[in-house]
There are 2 protein chains.
Amino acid sequence: MIRFKNARIMTMAGEKPFEVKEGEVWTDKDRIALVGAPSQEELSAAEFEREVDAKGNLIMPSFKNAHTHSAMTFLRSYADDLPLQDWLFNKVFPLEAKLTGEDVYYFAKLANLEYLTSGITASFDMYFELDDYVKACTEMGFRSVLCGAVSGDESNSERLEGNYLKYNGLDPLITFRLGFHAEYTCDIKLLERIGALAEKYKAPVSTHNSETAKEVRECVEKYGKTPTELFESLGIYNYGGAGFHCVHMSDNDLDIFKKRGVWAVHNPGSNSKLASGIADIKKMQDKGIGLALGTDGPASNNALDMFREMYLMSGLSKLKENDAAACDANSVLYAATVGGARAMGLNDCDTLEAGKQADLIMIDLYQPNMQPFNNIGKNIVYSGSKANVILTMCAGKVLYEKGEFLTADAFEIYEGAQERAKRIQESVNG
Amino acid sequence: MIRFKNARIMTMAGEKPFEVKEGEVWTDKDRIALVGAPSQEELSAAEFEREVDAKGNLIMPSFKNAHTHSAMTFLRSYADDLPLQDWLFNKVFPLEAKLTGEDVYYFAKLANLEYLTSGITASFDMYFELDDYVKACTEMGFRSVLCGAVSGDESNSERLEGNYLKYNGLDPLITFRLGFHAEYTCDIKLLERIGALAEKYKAPVSTHNSETAKEVRECVEKYGKTPTELFESLGIYNYGGAGFHCVHMSDNDLDIFKKRGVWAVHNPGSNSKLASGIADIKKMQDKGIGLALGTDGPASNNALDMFREMYLMSGLSKLKENDAAACDANSVLYAATVGGARAMGLNDCDTLEAGKQADLIMIDLYQPNMQPFNNIGKNIVYSGSKANVILTMCAGKVLYEKGEFLTADAFEIYEGAQERAKRIQESVNG
């Protein structure tokens with residue numbers, strides 16, 4: 001058991017505004033054992049392998065990165081400030097074609113290191129070389145939900161189903177959700193098969209959805225339906241799921257999301273850097289659609305930093321609504337923690353309550369940006385930074401503490417990633 | 001003399017893209033003595049009080065916060081997510097009325113601590129209780145340019161002139177620029193007197209300018225001119241200056257800025273949080289108008305973090321232009337360093353060149369977010385964080401290093417600020 005004492009605690013349970021109370025958090029193996037004020041009996045009975053004096057710092061649930069392509073770290077700032085199509089087809093794809101499984105292993109570990117510095121303990125990742133990717137996570141004790149990434153013709157549905165069966169149950173830190181890349185990269189027959197898989201397993205399906213105006217326009221031209229309407233017509237969303245981006249959604253699209261309980265995963269950093277647009281967060285909130293936050297990949301952000309996404313979620317919504325009261329900080333905190341966990345199906349990793357998974361972070365309140373304590377929760381969103389994250393715990397294991405990585409050799413990963421990124425670039429550019 | 005060796009160096013001198021080269025940086029008292037590769041003779045002759053092995057980390061000019069109201073830290077997250085007018089008149093003003101000089105001293109020190117964590121070594125600050133504010137800066141070795149903050153009737157021009165003469169030449173770290181709050185808080189006769197002062201001293205004048213559509217609309221209703229046109233007609237900009245915000249500028253306004261060499265200080269965090277709008281950065285760049293970056297006050301951001309402003313400058317411009325290639329990272333780096341320095345009149349604090357002031361920072365490249373090194377400069381803008389700032393030096397003195405403040409007792413300041421914020425709030429709310 002691990003004991004955190006003298007802490008401020010924000011459990012994220014209950015309704016807004018999320019209360020901050022003082023007390024202790026105890027963890028027992030991978031679970032939370034106690035939150036609050038322990039009784040004398042409980043204290044006498046407990047045996048702790050470690051005691052942490054939080055010294056008044058805040059303990060809260062960790063952040064959940066509900067959309068990313070972790071291994072794209074090798075492309076970070078490789079080709080910024082280019083128009084989207086040029087970037088994708090001339091820069092990204094030729095290099096991705098050169099990736100080996102071992103490359104993905106290094107590049108994903110690099111991303112996981114970065115997640116930990118930002119208080120993220122779980123990612124909803126869509127990429128390839130899954131065995132190597134899974135190893136990169138489990139070796140570090142990092143939690144990940146793999147999202148199906150198939151595209152192309154209908155034969156790929158077999159691979160999707162195979163992965164769904166293989167990667168679920170493999171490791172307590174790993175789950176696999178049915179999914180596919182996007183409407184515009186999949187044959188209609190593949191999409192039909194995916195709808196059938198959703199029915200077969202009564203399982204949610206997740207995918208890129210309405211990221212750009214072009215995507216939506218071309219889908220309507222092709223099918224007479226928006227991507228969401230198309231997915232709905234094929235039963236893809238019958239058991240819920242998540243839509244990544246949701247920047248260009250019609251009222252009808254949102255009604256479908258509401259009806260099916262589909263989560264909208266908001267990626268404001270990526271949407272800014274790639275000039276995709278500003279999602280209509282207010283409308284989604286008004287309709288009661290569940291919201292989560294994602295960083296997207298590190299080549300279209302380029303940080304993997306939940307503090308950036310949180311600030312942007314609120315700031316961009318305020319700009320879009322021309323209203324300083326839009327998208328309050330509490331709804332942002334919820335999306336970054338509970339919302340993300342639920343969107344990823346990590347329902348026991350969402351709040352700090354006894355019995356839940358011990359996925360938590362410690363926020364240093366004694367740095368200038370968090371002072372004074374007028375409103376701790378709002379400080380996290382409006383003035384917080386990953387510099388405030390001083391402890392990151394996943395499934396009861398401390399993975400990161402005060403700048404140190406406890407389950408990975410950071411410099412070995414930097415070197416390995418650097419060499420491999422260079423090799424790949426040279427093989428394409430000469 | 002202080003010697004930084006084994007460094008990567010980005011001097012910010014020369015044209016874009018800003019070259020990163022390897023070498024050494026030497027400082028001698030408050031100035032830079034050498035940048036690059038020292039000769040054998042130079043090495044033999046030099047006597048260092050300290051040698052720092054940069055271990056491949058980046059040394060670059062520090063960031064210059066070209067618009068802020070530092071002492072407003074006491075209002076941080078006091079009243080977020082409210083419409084602007086409600087916030088200002090019901091929350092901010094009643095509390096500001098209770099401020100004493102000693103309060104401002106503590107609150108400004110708190111802001112200065114935060115600036116240092118973000119690699120900012122100079123602020124262009126507009127507030128009151130100037131003696132206490134100046135003390136808060138000079139005691140910490142922090143550089144500040146005070147901006148005239150007058151409003152109201154014409155008699156206040158005497159105070160402005162008095163301050164201009166008093167605070168310039170007071171201390172090498174402090175300068176004072178003629179300025180006033182905004183068009184909408186000043187009588188026309190005061191504005192006329194300010195135009196006369198600009199002429200008398202052949203000096204630049206700085207002010208809030210076109211932050212909201214309402215401001216511009218009401219100015220046009222009142223005077224038949226935009227704020228910029230009004231200032232131009234009164235000779236206020238005849239010797240240049242800076243406009244803070246510049247969100248709602250006409251083409252004619254921008255032509256005036258170009259003609260007079262007025263700097264546009266962009267505050268994207270504040271403009272987002274208060275839903276003021278997105279400044280037309282592209283148009284300003286196309287017209288060759290000088291750009292700088294500012295955090296604005298900590299009650300309308302709420303961080304004092306240049307990394308946030310840098311990312312937003314690019315991201316919001318890309319969104320506004322619907323173009324992923326808009327506002328490239330290099331122009332952002334320039335605005336955050338050289339642009340800010342020049343807008344503030346700190347022309348010898350802008351680049352890393354021998355003879356310039358030793359205002360510099362060290363950026364830790366061996367954190368996950370800066371890996372791999374595809375493009376170091378772009379990494380700073382797109383994936384950088386204040387967590388990467390591991391050394392902040394102002395006028396040749398190291399003020400902040402690896403989380404430690406060398407010229408201030410952070411906890412004493414936190415306590416003092418916390419008590420005083422509480423006292424002020426209770427005196428208003430009961």
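A, B, ... follow the sequence lines: proteins, then strands. Residue 1 opens every chain.
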Point to revise | Residue from K378(B), K16(B), K318(B) passing salt bridge (Lys or Arg N to Asp or Glu O under 4.0 Å) with D328(B) | key: K16(B)
Point to revise | K402(B) and D364(B) ion-paired at < 4.0 Å | key: no
Review point. So what's closer than 4.5 Å to chain A heavy atoms on A421(B): side chain, backbone, both or neither?
Key: side chain
**Study point:** Interchain contact, Y311(A) with chain B, by part (heavy-atom threshold 4.5 Å)
**Key:** side chain
**Study point:** Side chain, backbone, both or neither of V381(A) within contact of chain B (heavy atoms, under 4.5 Å)
**Key:** backbone
**Study point:** Which portion of Q425(A) sits near chain B, non-hydrogen atoms under 4.5 angstrom
**Key:** side chain
Review point. Of the listed residues (K386(A), R308(A), K273(A)), which shares the most heavy-atom pairs with chain B below a 4.5 Å separation?
Key: R308(A)
Check your understanding: Quick one: what part of I376(A) sits under 4.5 Å from any heavy atom of chain B, side chain, backbone, both or neither?
Key -> neither
Check your understanding: With only heavy atoms counted, which part of F307(A) is less than 4.5 Å from chain B, the side chain, the backbone, both or neither?
Key -> neither
Study note, to complete from the structure: Most heavy-atom pairs under 4.5 Å with chain B, out of N375(A), N301(A), L274(A), belong to N301(A)
**Study point:** Contacting moiety of F107(A), where chain B heavy atoms sit under 4.5 Å
**Key:** neither
**Study point:** Residue part contacting chain A, namely of A329(B), when any heavy atom lies under 4.5 Å
**Key:** both
Study note, to complete from the structure: Whatever's closer than 4.5 Å to a heavy atom in chain B on L304(A) counts as neither
Check your understanding: So which part of L116(B) gets closer than 4.5 Å to some heavy atom of chain A, the side chain, the backbone, both or neither?
Key -> neither
Review point. Non-hydrogen atoms of chain B under 4.5 Å away: do they reach the side chain of L312(A), the backbone, both or neither?
Key: side chain
**Study point:** Structural part of N271(A) lying under 4.5 Å from a heavy atom of chain B
**Key:** backbone
